[in-house]
2 protein chains.
Amino acid sequence: MLSKKTKYGLKALTFLASQKGKDPVQIAEIAKQENISQKFLESILLSLRKTGFLGSKKGKGGGYYLIKDPKEVLMTDVMRVLEGPISMVPCVSLNFYEKCDDCPDEDACSVHKLMLKVRDANLAVYRNNTLADLLL
Amino acid sequence: MLSKKTKYGLKALTFLASQKGKDPVQIAEIAKQENISQKFLESILLSLRKTGFLGSKKGKGGGYYLIKDPKEVLMTDVMRVLEGPISMVPCVSLNFYEKCDDCPDEDACSVHKLMLKVRDANLAVYRNNTLADLLL
DNA sequence: TATTAATCTACTAATTCTATAGGATAAATG
DNA sequence: CATTTATCCTATAGAATTAGTAGATTAATA
């Protein structure tokens with residue numbers, strides 16, 4: 001299941017991408033438009049800022065704004081930050097690889113074999129979609 | 001992340017599929033060979049029996065055995081039983097559809113749009129793989 | 001300086017996951 | 001028919017994760 005964090009994060013990014021200008025948008029505005037708990041959204045936007053997707057401005061007229069062009073924002077990167085590894089098991093992860101403690105031989109593992117295919121299929125989708133592709 | 005339940009279930013199914021004869025295999029034997037907690041595996045095998053993947057026999061010489069030919073066991077069905085819906089959000093699920101309570105218009109939802117593609121990609125993998133494909 | 005809005009820390013409630021315990025039931029064997 | 005063997009079933013408990021809340025702080029603007 002997709003976490004609410006990811007769901008809300010994607011909606012917020014899409015909302016910001018759909019704004020005409022590059023003026024900062026307040027958390028409260030995004031939360032209202034997208035039906036998201038404001039306090040929860042607050043922490044999500046913060047993490048998106050710390051990972052380089054958003055910029056922010058404090059005080060009056062402040063808010064969040066996209067740093068890059070939506071066409072340059074790959075879903076692989078967004079998903080890894082919001083949802084975590086794209087792989088369903090660490091032993092097939094490109095960016096978060098870990099050996100299974102219970103599995104003596106990776107190459108002989110049926111789960112490993114299946115999850116490799118699943119990983120590749122998901123990567124293909126995320127690599128071929130940018131924030132701009134979510135816009136309409 | 002793939003749950004341990006699914007991981008263990010897949011390993012058990014593969015183990016049973018790799019057996020030469022159709023003689024029942026005891027839980028203890030599978031648990032030992034695959035490094036799985038026996039009691040946990042017990043409940044997993046039980047659910048696989050109740051959903052028509054396995055048969056069982058009690059008493060001495062008893063155990064679990066595959067009911068179908070591994071070639072006939074689709075990963076779509078296995079995954080749905082062990083891991084639940086293949087879709088990451090209910091609003092794109094074929095078998096477990098539910099409307100999002102926060103989303104006024106599905107067709108305008110960026111998350112919906114992306115997750116449709118993800119679902120299709122995953123379905124393609126699971127539909128094209130049977131238990132027999134995990135064997136080597 | 002007053003107002004506005006993001007920042008940060010800490011905490012809580014609910015849910016799900018991963019088991020474990022213990023007895024009931026059924027089948028085979030001698 | 002009694003004993004052994006192994007599945008069946010219910011209940012429960014600890015750990016981890018998720019989702020959300022509270023409240024004080026910091027920075028920018030007018």
Side-chain angles (χ1 to χ4, degrees), chain A residues 1-12 16 23-51 53-67 81-85 88-90 96 100-102 111, chain B residues 1-12 16 23-32 34-67 81-85 88-90 96 100-102 111:
Chain A
M1 278 293 146
L2 198 75
S3 68
K4 300 258 183 187
K5 180 184 174 186
T6 302
K7 188 180 180 185
Y8 295 161
L10 285 172
K11 286 197 170 195
L16 289 174
D23 290 339
V25 183
Q26 299 165 27
I27 297 175
E29 167 80 4
I30 306 174
K32 191 183 170 192
Q33 294 295 325
E34 299 291 342
N35 292 306
I36 305 172
S37 146
Q38 178 167 341
K39 271 295 190 178
F40 191 22
L41 180 60
E42 203 178 297
S43 68
I44 297 168
L45 295 180
L46 199 58
S47 83
L48 286 171
R49 198 215 57 182
K50 289 183 176 175
T51 47
F53 294 96
L54 299 179
S56 67
K57 202 182 160 190
K58 286 186 178 180
K60 189 164 190 176
Y64 283 96
Y65 52 90
L66 275 181
I67 282 189
V81 162
L82 291 174
E83 189 74 3
M88 294 185 80
V89 281
F96 304 88
C100 294
D101 43 355
D102 58 314
V111 178
Chain B
M1 277 293 146
L2 198 74
S3 68
K4 299 259 183 186
K5 180 184 173 187
T6 302
K7 187 180 181 185
Y8 295 161
L10 285 172
K11 286 197 170 196
L16 289 174
D23 290 338
V25 183
Q26 299 165 27
I27 298 174
E29 166 80 4
I30 305 174
K32 190 182 169 192
E34 299 291 343
N35 291 307
I36 305 173
S37 147
Q38 179 168 340
K39 270 296 191 179
F40 192 20
L41 180 60
E42 202 178 299
S43 67
I44 298 168
L45 295 181
L46 199 58
S47 84
L48 286 172
R49 198 216 55 181
K50 289 183 175 174
T51 47
F53 294 97
L54 299 180
S56 66
K57 203 182 160 191
K58 286 186 178 180
K60 191 162 188 177
Y64 283 95
Y65 52 91
L66 276 181
I67 281 189
V81 162
L82 291 173
E83 189 74 3
M88 293 184 81
V89 283
F96 305 88
C100 294
D101 43 355
D102 59 314
V111 177

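The shown structure was predicted, so the numbers you read here are calculated from the model rather than taken from an experiment. Note that these values count all heavy atoms, side chains included, but never hydrogens, waters or copies made by symmetry. Numbers restart at 1 for each chain; the letters A, B, ... are given by sequence-line order, proteins then strands.
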| Within this structure, what is the CE-to-C1' distance between B:M1 and D:dT17, rounded to whole angstrom? | 13 Å
| query | Do A:S37 and A:K4 come within less than 4.5 Å of each other through their side chains, counting heavy atoms only? | reply | no
| field | Heavy-atom pair of closest approach, residues B:P90 and A:M1 | value | CD-SD, 4.3 Å
| query | Does anything in residues 41-55 of chain B reach DNA chain C, meaning a heavy atom under 4.0 Å, and if so which residues? | reply | none
Could you list the donor-acceptor pairs under 3.5 angstrom formed between side-chain atoms of residues 39-52 of chain B and any protein atom two or more places apart in sequence or on another chain?
{"unit_1": "B:S43", "atom_1": "OG", "unit_2": "B:F40", "atom_2": "O", "d": "2.8"}
{"unit_1": "B:S47", "atom_1": "OG", "unit_2": "B:I44", "atom_2": "O", "d": "3.0"}
{"unit_1": "B:T51", "atom_1": "OG1", "unit_2": "B:S47", "atom_2": "O", "d": "2.7"}
{"unit_1": "B:T51", "atom_1": "OG1", "unit_2": "B:L48", "atom_2": "O", "d": "3.3"}

| So, for B:S56 and B:Y65, which heavy atoms are closest and what is the spacing to 0.1 Å? | N-CE2, 3.6 Å
| task | Can you tell me the distance, in whole Å, between the NZ atom of A:K4 and the P atom of C:dT16? | result | 11 Å
| Which whole-number value in Å describes the distance from B:K7 NZ to C:dA19 C1'? | 15 Å
| field | Length of the CD-P vector between A:Q26 and D:dT29, whole Å | value | 14 Å
| request: To the nearest 0.5 Å, tell me how far A:Q26 CD sits from A:K57 NZ. | output: 11.5 Å
| query | Given D:dG20, C:dT18, D:dA19, which nucleotide is nearest the side-chain atoms of A:S3? | reply | D:dA19
| query | Any side-chain N or O of A:S37 under 4.0 Å from OP1/OP2 of D:dT21? | reply | yes
| query | How long is the line joining OH of B:Y8 and P of C:dC17, in whole Å? | reply | 14 Å
| query | Once you round it to whole Å, what is the distance between P of C:dT18 and CD of B:Q38? | reply | 19 Å
| request: Select base, sugar-phosphate, or nothing to describe what A:K39 touches, counting heavy atoms under 4.0 Å on all strands. | output: base
Atom pairs, N/O to N/O, protein against nucleotides 28-30 of chain C, distance under 3.5 Å?
{"unit_1": "C:dA28", "atom_1": "OP1", "unit_2": "B:K57", "atom_2": "NZ", "d": "3.4"}

| request: Mind calculating the distance between CE (B:M88) and P (D:dT18) to the nearest angstrom? | output: 11 Å
| Rounded to whole angstroms, how far apart are CG on B:D101 and C1' on D:dA19? | 14 Å
| query | Quick one: does B:N35's side chain have a donor or acceptor within less than 3.5 Å of a partner on A:D102's backbone? | reply | yes
| Considering all heavy atoms, the nearest A:L2-A:E83 contact | CA-OE2, 3.7 Å
| Do A:I67 and A:L54 touch side chain to side chain, with heavy atoms closer than 4.5 Å? | no
| query | How far apart are the closest heavy atoms of B:G62 and B:P24, and which atoms are they? | reply | C-CB, 3.6 Å
